[in-house]
Every structure is written in C-alpha cells, then in structure tokens.
Amino acid sequence: MSNTNNNVGFAIEAKRLRKSFGSNLVLNELDMSVDWGSFTVIFGSNGSGKSTLVNNLATISTPTSGEIYVAGFDIKKEKALIRKNIGVVTHELLLYSDLTAYENLFFYGKMFNLPDIEHKIELTAEITGAKDYLRKKIKHMSHGMQKRIAIGRAILHDPPILFLDEPESGLDQEALERLYEMIRSGQNGKRTILMTTHNIDRGLEMGDRVTVLSKGKISYDKKRVDINRDVFEGDYISLRQSQL
Amino acid sequence: MKRSLVVVRTILWKDLLLELKSKDVIISIVSFAMLALVIFNFAFGSSSQLASLIAPGAIWVSITFAGVIGLNRLFVIEHDQGSIIGLLLTPVSRDSIYFGKMLSMFVFLTISEIILLPIYAILFNTSIIHPLFLLIVALGTIGFASLGTLFSAMAVNTRSREIMLPVMFLPIVMPILIGSVVASANILDGGGWSDASRGIHIIIVFDVLSLIVSPLLFEQIIQE
Amino acid sequence: MISMRDKNLGTIRKLFLAIGGSAMVLNMYLIFMWVPTEKNLGIIQRIFYLHVPTAWVAFIAFFLVLIGSTGYLIKKSKLWDRLALASAEVGVLFTTVLIVTGVMWAKPVWGVWWNWDPRLTTSLILWLIYLAYLMLRSYAPSPEQGAKYAAILGIVGFLDVPIVYFSIKWWRTLHPQAVIGPGSTGELDSSMRLLLLISTAIFTILFVHLLTTRMSLRKMEERLEEANHIVS
C-alpha cells in the first residue's frame, strides 16, 4: 500500500504500554520496537498476554495507557492509516463461513477501497495456493485451505506489516512454513512480521529475532543467530516457571 | 462521504448475500410474527368486528417481538469465525459500519413486512394499503432498526443475549410501539392525517434522536 | 487497609445518618400527626407527602445516572461509574416505593389499583429500563464492558423518558378515561405545602446518604476484587 512513512524509524514501536482488564494488569509498562523488514517471534505461555499485545498493536483494543506507533503513525490519531498498513492472522479465521472465498475476499477488498479487486484476488489466491477453491464456501473447506484463505484476506491489500497471532492450530506444519516464506515478500520489498506462538521449534526456525513475553513485559530479547536452541529452551522453561 | 456510502452499501451487500444463502433472519421474523398473530386470535376471539379492533395492536406487537428475534441475529453473524474483528480491522469509519448494519436490519425488516402485511390484511379483513399507514410502517422501521442495531451490538457480547436484548430494548422502544399502534388504529378507523399526525410526530422525534445518538455510542461498544 | 481519609468520611457519614434519621422521624410525625387531614380525600391523602418526594428523588437519581454514565464514557474513571451504579440502584429502589405508594393511593381515590395514568405508566417503564440497566451489569462479559454498556443504556434510557411520557399521555387522551387524573386533587393549604417542601428536603438527605454509602461500598467491592486477583 501507499502512504507509509517507510524507512522512518521503526515499523512497530510501543512505549510504556499498559493494558489492564479490571484489576488484572496484563501488559505492564511494556517497551518494544521492531525494525522494518524483520521477523520477530514472541514466545509466551497461555495467558501471558501475547494476544492482548497483538490486539493493542493492531488497533483492535485500546491501551489503558502508553504510546503505540505502527508504520510511523500514532495509534491515538491515525487508526485508519495504521489499518491500511497492517494485515492480521489470528487463530480465528475472520471470515464468513457461509460465503465463498471469493465473496469474502471481494468484501474485504471493497472495505479497503482497493482498485482492480478481481486482479488482486487472483494474485493473492496464487500466492496462497487457493486458486482452485475461490468459488467454494469457507465452511466446506478443509482447515488447511480455510487458513490459506484467512492469510489471503490478511495480505489482500498488500500491507507492509503482518501480525500473526498463534497462526498454527494443529495444521500441516511444513506447508504452513513454506506459506509464511511466501508471504514474507510484498510488492514493495520484505514485509515486517510479528508472530506470537508457544511452539518453540517453529518460532526458532522462522524468526530472526526472538523475544519472550512474561509478567506483562518483554523479558528476553535476542537475535536468532545468537541463540543456542537447547540453552533457550532451558531459559524459557525457567522463565515460564518464574511466572507462576 | 462518497466513500462512506460505498462502505455502507458493501456491508449491506454482504449481509444480503449471507441472508440469501441462510435465510436465517427473514424466515425467523416472518414465522414468529405469524405464530404470534395466530395466538392473538385465539386469545381475543375471531369475530370480524373484534378483528378490526385488535388488528393494529396485534400487527405491531407481533412485528415488534419478531423484530427482536431478527435483531438477535444481526450481530451473531458477525461473530461467526471472529469476523467482527476482521470488520473492525478495515480502515473505514465506525459510523459507516453502524449505518451499514442498520441499513441491513432495515432491509430485513422491510422485506419481512412486505411479506407479512398482505397476510395480515387477509386475516383481519382490513385494507391496510393506505399511504399514511405505509408511512407509519416505514418510519417505525427506521427507529426500530437504528436503535436496535446499537442494542444488538451490545447484547451479542452478553451472557444469555436472547434475554438481555428484549429486556433492554423493549422498554426503550415503547414510544414507537405506542405511536404506531394508535396512529394505525386511527387510520384503519377511517381517520386522516390530523388524527394520526401526533403519533407520526412521536415516531419522527424518536427516529431523529436515535439516528444522532446511536452512531455516537456504537463506537464505544465495538472498541474493546 | 483503611486510610485516614476514609475514616473521616465514615465519621461524616455517621453524623449525616444521625441527623437524617432524626429528621425522618420528625417528618413522619409531621405527616401523620401534625398536618391537617385533607377534606375531600381523607386520611389517604397523607401518602402524598411520601409519594411526591419519592418521585423527586427518583428523578434526581436517574439524572445522576445520566451524568455518571456520560462522565464514565468520557473519562473512563471508576468514580463516575460508581456514581452511575449507585444512583441507578437507589433510583430503582425509590421508583419501587413510588409505584407502590401510587397503587395504594389509586385504590381508595380512583377505585382501581392501576389506571394506566401517564405518570404511573412512565414510572413503570422507567423502572423496567433501570432494572435492565442493573441486569446488564451482571450479564456483561467483563466489569469494564458492563460499566460501558450500562453507561450507554443509562444515557439512552434517560433521553427516552420524555418521549415515553408524551407518547403515553397522547395515547391516554385518545382512550376513554375511567377516572379523574391525579392533577385534580384540589388546592393545597399552606401547612400542606410547607410539609411537602420539608418532606422533600428530608427525603433528599436520605437519598444522599444512601448514594454515598452505596458508592463507598462499591469502592470496597472493587478493592476486594483486586485483592482476590493478587491472591489468585
């Protein structure tokens, strides 16, 4: 998409981010910044606030306090511009199961005000390998194919930033990994990807930066090349236990 | 402005397409309203004189209760597979999402009424194809859909939403019901504009207020 | 932990209760012993000095729900939410009393328990709206959502009241009226008017006491919830 403040500062930046539900503080003064073009993995156990973090960064939830900038835009003032620049894949499909894949994608294309939607749908279906399934209802598809359409929905408007919130759900892992490699490159270069997961193997294989979210903060942050898998697993387990 | 119209139309198109495939909303409204009507008849007797007396009340009460059932469905379809999140992630104003959903509800109700009113006319032996009567129907439907959309978005997140929606919505929507029942009774009795104008004014005040307040509050509901 | 400030507030509230309580006893004496019996209506007219102040307090309460709700939606602070919730609860309580005293009045004066008089009917619908308001809080997915949803209902509900009233008034005038409306109770003499003012003032004191007590209770409930969270 156009009108990004590309190459200005960070792709994603959060400062002193707090989010509480009642008296339950889920994100506590969280600071993080994500470089353009990077693939960042966030590990965390269930209930560590991974989804809450993504929801706040992706304009779905409103933070209790703190600042967020995505693609250089202030989340308080320019939500619509941020929404143009991000794509989101969650454990839910975010699709209408009674509509066909084509109808779903057409609806979102219209909502994003895309020119030449038919062509964009073709292109997306080609990338995600869903070309032969466009005329099928979502509810009549296999889980794997549904996921492909959901990913197609997220990249239809060619956003430079992608949020993947626990995208795996017991699916064909290899196929998914290949798919994620394909969606890494957008039309204007490498996409920035932020992925949450609790699957250590998957995360270490795909990310080039590895972080752990615990007690509402980023408590571990290293480049993938500096990490020894076994040492990480030990560290991660002790981090998780300290959280309990 | 033009962009908002496209968004509203797109949401309407999507809802109509879904409805075309599932026929959920309209079928439940029509069948429930018919059922309520038949029960009314058992409760109040079937002499033709009585029929014209209870017709306005029976018509509006059955449409109101059936409409609440339709409203319950309006945001349930958005929660299927979390699609409401998908909708909120689109770069469109929250007002246009509200007006899109409101228009969908308005169209669902109008289609149901187009099916129901001729049936009522036959069952009650009254001619209801009167321009003023149709005006009352249209205005009442606007208010019902506009406030109902706000409450439906709220109720869908609550526990036992099937109960919460009517409990919240029916007392608030009472002026429309009263205005419609009395104004229709006046017209079916052979009255004209001067008899029905007061009721129509009440409905218009309700509509205007609801169309101003509901979109303002809608954003508060859908933003977590 | 109880802070000094809370302790002081508690003392003020106790004092307030003592003054208000004695005033209420005095009020009852004035209503049932001091004021002369109305000639046409007889002894039942005395309920008027309870009924009218109750209506006044209920109206103030629901107005405060509107204020608290609007404040909460703008500021998102718990203080506003407490004000709205406490006002709604006290308002529902007073509306209940209002309707019950209205029914007690109606039977001997009009010969029926209930006559769908615009004011009675509006009170009934008001009661239903704010009952839904209290229900909504307990059926909401989270306390925040509950507060937000209730605030929305609090605003819409209050704006709706005048429309409800005028629609019912219009509906009533078009239907045969079986009995005389409550507007025609005759002239009030000066001692009656004075007592009405006194009683209204004392009921307002009672309202303020109930409201502030409920608000501080709510604050404690919130703290308890917080403490439970830390433990679990």
Side-chain angles (χ1 to χ4, degrees), chain B residues 57 143 146-148 150-151 153-183 185-186 189 191 195-210 212-214 216-224, chain C residues 62 66 69-76 81 92 95 116 118 121-175:
Chain B
S146 92
L147 196 72
L150 180 75
F151 279 68
M154 203 146 76
V156 74
N157 288 319
T158 59
R159 282 181 291 124
S160 50
R161 56 173 171 246
E162 287 81 6
I163 306 289
M164 267 327 287
L165 182 62
V167 164
M168 295 189 290
F169 180 60
L170 288 178
I172 305 264
V173 86
M174 210 67 86
I176 288 197
L177 188 63
I178 295 171
S180 307
V181 169
V182 184
N186 293 338
D189 278 351
D195 303 289
S197 66
R198 195 62 199 281
I200 292 172
H201 286 155
I202 287 171
I203 302 174
I204 290 175
V205 170
F206 188 98
D207 287 2
V208 170
L209 212 63
S210 168
I212 294 170
V213 173
S214 303
L216 284 174
L217 296 175
F218 182 72
E219 188 171 355
Q220 296 274 350
I221 294 173
I222 52 173
Q223 191 71 25
E224 201 179 285
Chain C
F62 294 141
L66 173 75
S69 299
T70 314
Y72 181 74
L73 286 188
I74 294 168
K75 294 273 183 202
K76 294 272 149 54
D81 180 49
V92 167
T95 313
W116 298 102
T121 312
T122 307
S123 310
L124 180 64
I125 291 177
L126 216 61
W127 187 78
L128 289 170
I129 291 175
Y130 288 92
L131 207 63
Y133 173 97
L134 296 179
M135 265 177 85
L136 185 56
R137 284 182 172 268
S138 45
Y139 281 102
S142 71
E144 279 75 34
Q145 302 279 80
K148 205 158 67 176
Y149 291 179
I152 287 166
L153 191 58
I155 292 170
V156 175
F158 194 84
L159 294 179
D160 198 42
V161 172
I163 313 181
V164 170
Y165 178 74
F166 283 112
S167 62
I168 294 171
K169 209 172 154 191
W170 173 67
W171 165 65
R172 283 298 302 164
T173 54
L174 288 188
H175 276 64

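The sequence lines fix the lettering, A, B, ..., with proteins before strands; numbering per chain opens at 1.
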- Note on the structure: With chain C, the option among B:Gly179, B:Ser214, B:Gly199, B:Ser210 that has the most non-hydrogen atom pairs under 4.5 Å is B:Gly199
- Query: In terms of heavy-atom pairs under 4.5 Å, which option from C:Leu159, C:Val164, C:Leu73 contacts chain B the most?
  - Reply: C:Leu73
- Query: Looking at CG of C:Asp160 and CE of B:Met174, how far apart are the two atoms once the value is rounded to the nearest 0.5 Å?
  - Reply: 9.5 Å
- Query: When you look at OH of C:Tyr139, are more than 12 heavy atoms from neighbouring residues, nucleotides or ligands closer to it than 6.0 Å?
  - Reply: no
- Using a cut-off of under 4.5 Å on heavy-atom pairs, state which of B:Leu217, B:Ile178, B:Ile202, B:Ile172 scores highest against chain C. B:Ile172
- Task: Answer yes or no: is there a side-chain heavy-atom contact under 4.5 Å between B:Phe151 and C:Leu153?
- Result: yes
- Task: Calculate, to the nearest 0.5 Å, the distance between atoms CD and OH belonging to B:Gln220 and C:Tyr72 respectively.
- Result: 9.5 Å
- Query: Is it the backbone or the side chain of B:Val213 that comes under 4.5 Å from a heavy atom of chain C, or both, or neither?
  - Reply: side chain
- Query: Does the side chain of C:Tyr149 reach to within under 4.5 Å of the side chain of B:Asn157, using non-hydrogen atoms?
  - Reply: yes
- Task: Examine whether an atom of B:Leu147 lies under 4.5 Å from a heavy atom of chain C, and if so say whether it belongs to the side chain, the backbone or both; otherwise answer neither.
- Result: side chain
- Looking at CD1 of C:Ile155 and CG of B:Leu216, how far apart are the two atoms once the value is rounded to the nearest 0.5 Å? 9.5 Å
- Atom group of B:Met164 that falls short of 4.5 Å from chain C, counting heavy atoms: side chain
- Message: How about CZ on C:Phe166, more than 12 heavy atoms from neighbouring residues, nucleotides or ligands closer than 6.0 Å, or not?
- Response: no
- Task: Report the distance from atom CD1 of C:Ile163 to atom CG of B:Leu209, rounding to the nearest 0.5 Å.
- Result: 5.0 Å
- Task: Mind checking the CE-CE spacing from C:Met135 to B:Met168? Nearest 0.5 Å is all I need.
- Result: 9.5 Å
- Query: Any side-chain heavy-atom pair from B:Leu150 and C:Val156 closer than 4.5 angstrom?
  - Reply: yes
- More than 12 non-hydrogen atoms from neighbouring residues, nucleotides or ligands closer than 6.0 Å to CD1 on B:Ile163, yes or no? no
- Message: Could you check whether atom CD of B:Glu219 has more than 12 heavy atoms from other residues, nucleotides or ligands sitting under 6.0 Å from it?
- Response: no
- Query: Is any side-chain heavy atom of C:Leu128 less than 4.5 Å from a side-chain heavy atom of B:Leu170?
  - Reply: no
- Assert top hit (heavy-atom pairs under 4.5 Å, partner chain B, pool C:Ile129, C:Leu131, C:Val161) equals C:Ile129
- Query: Could you give the distance from NE2 (B:His201) to OG (C:Ser167), rounded to the nearest 0.5 Å?
  - Reply: 14.5 Å
- Do you know which of B:Ala155, B:Ser160, B:Pro171 has the most heavy-atom pairs with chain C at a distance under 4.5 angstrom? B:Pro171
